[in-house]
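In what follows, a single structure is set out as C-alpha cells and then discussed.
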Amino acid sequence: EKGGFWSFMAKEIADQPKAVADTLLGRTNESGDLILDDARIDEATLRTIDKIIVVACGTAAYAGHVAKYAIEHWCRIPVEIELAHEFRYRDPIVTPRTLVVAISQSGETMDTLMAVRHAQEQGAKVIAIVNTHGSTIPRESDAVLYTHAGPEVAVASTKAFVSQITAAYILGLYFAQLRGNMFRDEIHTVLDELRAMPDKIQEVLDRGERVREIARWMADTSSVLFLGRHVGFPIALEGALKLKELAYIHAEGFAAGELKHGPIALIEPGQPVFVIVPSPRGRDSLHSKVISNIQEIRARGARTLVIAEDGDEAVTPFADEVFWVPQCPTLLSPLVTVVPLQIFAAELSRAKGLDVDQPRNLAKSVTVE
Ligand code: M6R
C-alpha cells in the first residue's frame with residue numbers, strides 16, 4: 001500500500017498535490033460561487049459571527065495558525081488559535097456569536113473533542129475541518145468541511161496539513177462571500193490561485209533530491225532552528241515539529257522578528273537555521289526584514305538553509321543553501337514552503353535509521369487527554 005515508496009510518509013508527501021486538488025473539488029456552483037453543502041449552520045447565524053476560535057492540536061493547530069492570516073485579511077473577523085487542551089481549562093470568552101473551528105485529521109483527538117463540547121456548552125456553533133469520515137468530532141459538530149486527503153497512515157501529518165489549510169481557506173472565502181467582504185471577482189481569483197497550487201507543490205516535490213542530499217549530510221546534527229515571518233512563522237513551527245517527532249533532534253521554530261528579543265543568543269558557528277523567506281512581490285518590508293535576519297545570523301556563523309521563491313536573487317549572497325519554490329501569492333505560499341521541511345525531516349530520520357512512519361512514543365491519533 002506504500003505504492004512503491006520507501007515509507008507511508010514519503011507516499012503521503014508525494015500525495016499532496018492530489019490532496020489539495022481533491023479538497024478543492026466540488027465547492028463551487030456553475031457561476032463559480034462557493035457552496036458549502038456540508039455546512040449545516042444556516043447563513044443567518046453565520047452572518048452574526050463576530051469571532052472565530054480555532055481549536056486543534058499539533059500540526060492541525062499550525063494549519064489554523066496559517067489560516068488566521070488569510071481569514072482575518074479576507075473577512076475582517078478576529079481569529080484566535082487555541083490549543084484545544086488549553087482552551088478547555090481556561091475561561092475562554094465564547095458566546096453564541098463565536099464560531100469555533102475544530103481542525104483534526106483523525107476526528108478522534110480527545111483534547112479537540114473536549115474543546116468542541118466545551119464550546120457548545122457555551123452556546124457556540126462548531127464547524128469541524130476533519131479528514132476521517134464518520135469520526136467523532138464531525139458527528140458532534142454543527143457542521144463539517146471534510147478535507148479529502150485520503151487516509152493518512154504515517155504518524156507525522158503531511159497531506160492532512162496542506163488539506164486543512166486548503167479547507168480553512170475555503171471556509172474563509174465562503175465567509176467573505178457571505179458577508180460581502182470581498183468582491184466576487186476577487187474570491188474567484190483566489191480560488192483560481194488555489195487551484196494552481198497542486199502543480200506548484202508538484203514542482204517542489206520534483207526538486208526534492210537536493211533537500212534529501214542535505215538531510216543526509218546533516219544526519220548527526222543535534223539542533224536545528226527555523227525562522228519565519230507572517231505565514232512563514234507557523235511553517236517554521238511545523239518544520240521544527242516534524243524534525244522533533246521524526247528525527248528526535250532538538251528543533252525550535254521562531255517568528256523571525258523575535259530573534260533580537262532572545263533567540264539570537266543561540267546562534268553560534270555552525271548552527272543550522274532554516275529561514276522561510278516571504279515573497280519579494282508581497283509586502284516589501286517583510287521580505288527585506290527577513291533578508292536582514294539572515295544577514296544577522298550569518299554574521300554570527302549560522303549555516304543558513306533558505307526557502308525562497310524562484311527568482312529572489314536577494315537571498316543568494318547570504319544563503320549556504322537555497323531551496324527554491326515556485327512563485328505564488330503570499331497567503332498561499334505555506335502550501336509550497338512546508339514541503340522541503342517535510343522532506344528534510346523524513347530523510348534525516350531515514351538517514352538515522354529510524355522508523356519514520358512510527359516514531360517512538362507517539363500514536364497516530366491521541367484518544368486520551
Ligand atoms: O488527528 P489530529 O489532526 O487531531 O491530530 C493532532 C495532532 O496530534 C497531530 O497533528 C500531531 O501533532 C502529528 N503527529 C504531527 O505530525
Side-chain angles (χ1 to χ4, degrees), residues 19-29 33-49 51-64 66-68 70-71 75 77 79 81-82 84 87-88 94 96-152 157 159-178 191 194 364-367:
V20 169
D22 288 352
T23 299
L24 286 165
L25 272 183
R27 307 291 189 185
T28 48
N29 62 18
D33 295 327
L34 283 160
I35 32 148
L36 296 191
D37 284 342
D38 302 338
R40 295 183 301 264
I41 299 175
D42 66 281
E43 295 194 356
T45 309
L46 286 181
R47 280 202 188 87
T48 66
I49 296 304
K51 180 167 77 172
I52 294 176
I53 303 179
V54 175
V55 293
C57 304
T59 290
Y62 297 147
V66 168
K68 170 186 169 81
I71 298 176
C75 308
I77 305 177
V79 180
I81 311 302
E82 183 97 27
F87 175 79
R88 250 195 93 191
V94 177
R97 299 182 66 177
T98 307
L99 179 72
V100 168
V101 178
I103 306 181
S104 174
Q105 188 287 129
S106 60
E108 298 294 349
T109 299
M110 186 56 76
D111 289 316
T112 308
L113 176 62
M114 290 304 185
V116 165
R117 291 182 182 159
H118 190 61
Q120 284 174 328
E121 277 161 18
Q122 287 163 83
K125 294 282 182 218
V126 179
I127 293 191
I129 293 181
V130 165
N131 196 46
T132 310
H133 283 252
S135 55
T136 312
I137 291 172
R139 229 176 23 240
E140 295 206 10
S141 298
D142 298 283
V144 58
L145 201 65
Y146 280 109
T147 47
H148 297 303
E152 193 181 62
S157 188
K159 62 177 181 173
F161 177 67
V162 290
S163 309
Q164 285 158 352
I165 294 173
T166 305
Y169 278 18
I170 292 169
L171 187 64
L173 291 169
Y174 176 68
F175 263 112
Q177 175 182 292
L178 200 71
L191 285 170
L194 270 169
K364 180 61 182 162
S365 72
V366 184
T367 52

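We count residues from 1, following the sequence as given. Predicted, not measured: the structure shown is a model, and the values here were computed from it.
- Lys159 places no side-chain N or O within donor-acceptor distance of the main-chain N or O of Val20, the cut-off being under 3.5 Å.
- Val126 and Gln120 make their closest contact through CG2-CG, 3.7 Å (heavy atoms, listed as atom of the first residue, atom of the second, distance).
- Minimum heavy-atom separation, Ala160 to Ser157: CB-OG, 3.5 Å.
- Judged by distance alone, with hydrogens and angles left aside, the side-chain atoms of Thr109 form no donor-acceptor pair with the main-chain N or O of Ser365 at under 3.5 Å.
- To the nearest 0.5 Å, atoms CG (Leu99) and CZ (Phe175) are separated by 4.5 Å.
- Between Arg117 and Glu121 there is no salt bridge, since no side-chain nitrogen of the basic residue lies less than 4.0 Å from a carboxylate oxygen of the acidic one.
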Between Ile129 and Val54, does a side chain to side chain contact (heavy atoms under 4.5 Å, CB included) hold up when you go through it step by step?
-> CA-CA 10 Å; Ile129 293 181; Val54 175; over 6 Å; no

Does the side chain to side chain contact (heavy atoms under 4.5 Å, CB included) test come out yes or no for Cys57 and Val366, once each step is laid out?
-> CA-CA 10 Å; Cys57 304; Val366 184; over 6 Å; no

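- Applying the side chain to side chain contact (heavy atoms under 4.5 Å, CB included) test between Phe87 and each of Ile53, Thr112, Ile81 identifies Ile53 as the sole match.
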List the steps, then state whether side chain to side chain contact (heavy atoms under 4.5 Å, CB included) holds for Leu46 with Tyr174.
-> CA-CA 10 Å; Leu46 286 181; Tyr174 176 68; 3.8 Å; yes

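- In terms of heavy-atom proximity, Leu24 sits nearest to Leu194 at CD1-O, 3.5 Å.
- Here the side chain of Asn131 pairs no donor or acceptor atom with the backbone of Ser104 at under 3.5 angstrom.
- Heavy-atom neighbours of Lys68 NZ from other residues, nucleotides or ligands within 6.0 Å: above the threshold of 12.
- Using cut-offs of 30° and 60° for the angle between ring planes, the His133 and His148 rings count as parallel.
- Among residues at least two apart or in separate chains, there is no salt bridge (charged side-chain N to carboxylate O under 4.0 Å, His left out) pair with a member in residues 104-113.
- A side-chain donor-acceptor contact under 3.5 Å links Arg139 to the backbone of Gly134.
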Side chain to side chain contact (heavy atoms under 4.5 Å, CB included) assessment of Thr45 paired with Asp142 = CA-CA 12 Å; Thr45 309; Asp142 298 283; over 6 Å; no

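- Across all their heavy atoms, Ala67 and Tyr169 have their closest contact at CA-CE1, 3.7 Å.
- Put simply, CD1 on Ile103 and OG on Ser163 are 11.5 Å apart, with the number rounded to the nearest 0.5 Å.
- One distance of note links OG1 of Thr98 with CD1 of Ile77; it measures 11.0 Å at 0.5 Å rounding.
- When side chains are defined from C-beta on, Leu171 counts as touching Leu36, because their heavy atoms get closer than 4.5 Å.
- How far CD of Glu152 is from CD of Gln105: 4.5 Å, rounded to the nearest 0.5 Å.
- Distance alone, capped at 3.5 Å, places no donor-acceptor pair between the Arg27 side chain and the Leu34 backbone.
- Put simply, CG on Asp42 and CZ on Arg47 are 9.5 Å apart, with the number rounded to the nearest 0.5 Å.
- Here the closest heavy-atom approach between residue Phe161 and residue Tyr62 is recorded as CE1-C, 3.8 Å.
- Taking both residues in full, the closest heavy atoms of Ala167 and Thr147 are given as CB-CG2, 3.8 Å, listed atom of the first, atom of the second, then distance.
- Rounding to the nearest 0.5 angstrom, the gap separating the OG1 atom in Thr48 from the CD atom in Glu43 is 12.5 Å.
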